[in-house]
2 protein chains.
Amino acid sequence: MEDDAPSAAARRSRIQKRNRQMILDAALEVFSQFGFRGATVDQIAETAGLSKPNLLYYFASKEAIHRALIDQLMQTWLAPLHALDPGGDPVEELLAYVRRKLDMARDFPRESRLFANEILQGAPRIMAVLQGDLKALVDDKAAVIAAWARAGRIADLPPHHLIFSIWALTQHYADFDVQVRAVLGPGHDPFSEAEAFLDRLFRKLLAPAEPASGR
Amino acid sequence: MEDDAPSAAARRSRIQKRNRQMILDAALEVFSQFGFRGATVDQIAETAGLSKPNLLYYFASKEAIHRALIDQLMQTWLAPLHALDPGGDPVEELLAYVRRKLDMARDFPRESRLFANEILQGAPRIMAVLQGDLKALVDDKAAVIAAWARAGRIADLPPHHLIFSIWALTQHYADFDVQVRAVLGPGHDPFSEAEAFLDRLFRKLLAPAEPASGR
DNA sequence: CCTGTTCGTGACCATCTGGTCAAACAACAA
DNA sequence: TTGTTGTTTGACCAGATGGTCACGAACAGG
């Protein structure tokens, strides 16, 4: 690693913080569109409004920028699922999770595409996180969902695939935004339509098989 | 265009056909993983087992290879939706469409990723098709679905978003394959599990509000 | 004011990249 | 054999790309 014990971020000057943030923002723009290999340092520097040597004063290499971006991303990316409360109402908890994920797709589409790009390339830089933290978190929440299903409070569906379906449906509106807009044509607000649609979809899907009559 | 009236493909020699196919296959491998800008001609040539100049004897440029690949892809890509039969049983027709799309995700994951990469980059090379053929086809089939819904034969859902949900859920298993496998862990067959899950999902989702009791 | 540290830049470099070209090679018919 | 056509290659090129470096500008703190 590169950071020392007392946290490298803490002792950064104002100008350091500002420029590092501008660089990360520019890099997010470029990496999310062209992937790691398709992005160029010059392009990131220009987007950030800095010269290339100046940019490389703040980050040692293209790799280093990408790593910083990915590290930052993975934290925010796991947060919505983390917030799923085993104590809450099952259907409302899951619907709230869907809404949070859709909000993220709307508000942070570049982050979503950065992640998508990374996965498409075989996830070389985040495989460890996927198999580690992410898998652990999903397994944990899947157990919660399975418990809800056993208790008959939601439909009995394979929890992992239920979570996948939430990821797929919400991220689709960020990652495939241009396709969605091209197909819908003008005069549509994809995200607000998606919100209503996904709410109905999961409400219907999660409803237990027979609420009143026994088996 | 580059082709003459009597179809350029027809008068190609055996060796031409073979090498062009090898190149397109190699290019699919590389483009689908790294996107257009991230892929290099050398890499494609090496994967195809040819020298770079030899490869450029068959295709005028990197662009030309990509165009050929995309053109070929868009045909096969629209086929499954095309096959949706307005005269068939609504639920079974839609479920068959889901199955066809999932089969494509399983059998042609590289094509799916090539498409995903293109969309992520803003679809610069296929925007016209999206707004033209694709939109027309989707609008057409959406009308069919809307008619089924009005007739009470399936649930009344926004047809465009229903189609999006099919795309999102099926392509997710191709495009995010490494994530799915990382989270599921070993000992799983993502696609066969997905087939069962998506069948249940859409069966439940498409069921009309009140199957027995009249309106 | 001076001085040490942080910040910024033009010039530069090795390597990679897409692409060209003349020449060599193979296939095959006359 | 020879000519013709289709195929393959080594050598090459201009521009892009990731990255370095010596040096100057800006800005502390004293």
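Lettering of chains follows the sequences in order, A, B, ..., and the numbering in each one begins at 1.
- Comparing R37(B) and L55(B) by the nucleotide of DNA chain D whose heavy atom lies nearest to each, the residue mapping closer to the 5' end is L55(B).
- Considering R99(B), R106(B), R100(B) as possible partners of D103(B), the one that fulfils the salt bridge (charged side-chain N to carboxylate O under 4.0 Å, His left out) test is R106(B).
- Minimum atom distance to the side chain of P53(B) is reached by dT20(C), of the listed dT20(C), dT9(C), dG19(D).
- Among the atoms of the strands shown, only primed sugar atoms or phosphate atoms (P, OP1, OP2) are found under 4.0 Å from some heavy atom of A39(B).
- Phosphate contact (OP1/OP2 of dT20(C), side-chain N/O of Y57(B), threshold under 4.0 Å): absent.
- Under 4.0 angstrom from either OP1 or OP2 of dT9(D) there lies at least one side-chain N or O belonging to N54(B).
- Aromatic ring pairs are classed by plane angle as parallel below 30°, tilted from 30° to 60° and perpendicular above 60°; the pair H66(B) and F31(B) is perpendicular.
- For S51(B) and dT8(D), the shortest distance from a side-chain N or O to OP1 or OP2 is not below 4.0 Å.
- For residues 77-88 of chain B, the set of pairs meeting the side chain to side chain donor-acceptor pair (under 3.5 Å) definition, not counting sequence neighbours, is empty.
- K62(A) places its NZ atom 16 Å from the P atom of dA16(D), with the value rounded to the nearest Å.
- Contacts of I15(A) with the nucleic acid, taken as non-hydrogen atoms under 4.0 Å apart, involve only primed sugar atoms and P, OP1 or OP2.
- Atom pair I44(A):CD1 and dA16(D):P shows a separation of 17 Å (rounding to whole Å applied).
- Nucleotide dG18(D) holds its P atom 13 Å from the CZ atom of F34(A), rounded to whole Å.
- Phosphate contact (OP1/OP2 of dT6(C), side-chain N/O of Y58(A), threshold under 4.0 Å): absent.
- To the nearest 0.5 Å, atom CD of residue Q75(B) and atom CG of residue D133(B) are 10.0 Å apart.
- In this structure, N19(A) reaches the dG8(C) phosphate: one of its side-chain N or O atoms is under 4.0 Å from OP1 or OP2.
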* Given Y173(B) and H161(A), is the ring-ring contact (aromatic ring centres under 6.0 Å, His included) satisfied, shown in steps? -> CA-CA 10 Å; Y173(B) 286 93; H161(A) 289 271; 5.7 Å; yes
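- R18(B) places its CZ atom 14 Å from the C1' atom of dA26(C), with the value rounded to the nearest Å.
- The listed nucleotides are dG19(D), dG19(C), dT17(C); the one nearest the side chain of S61(B) is dG19(C).
- The separation between M22(B) atom CE and dT7(D) atom P is 15 Å, rounded to whole Å.
- Rounded to an integer number of Å, the gap from CG of D42(A) to P of dC16(C) is 17 Å.
- Atom pair R67(B):CZ and dG18(C):P shows a separation of 16 Å (rounding to whole Å applied).
- On a pure distance criterion of 3.5 Å, a polar donor-acceptor pair joins the side chain of K52(B) and the base of dG19(C).
- Neither OP1 nor OP2 of dT6(C) sits under 4.0 Å from any side-chain N or O of Q16(A).
- Rounded to whole Å, atom P of dT7(D) lies 12 Å from atom CG of L50(B).
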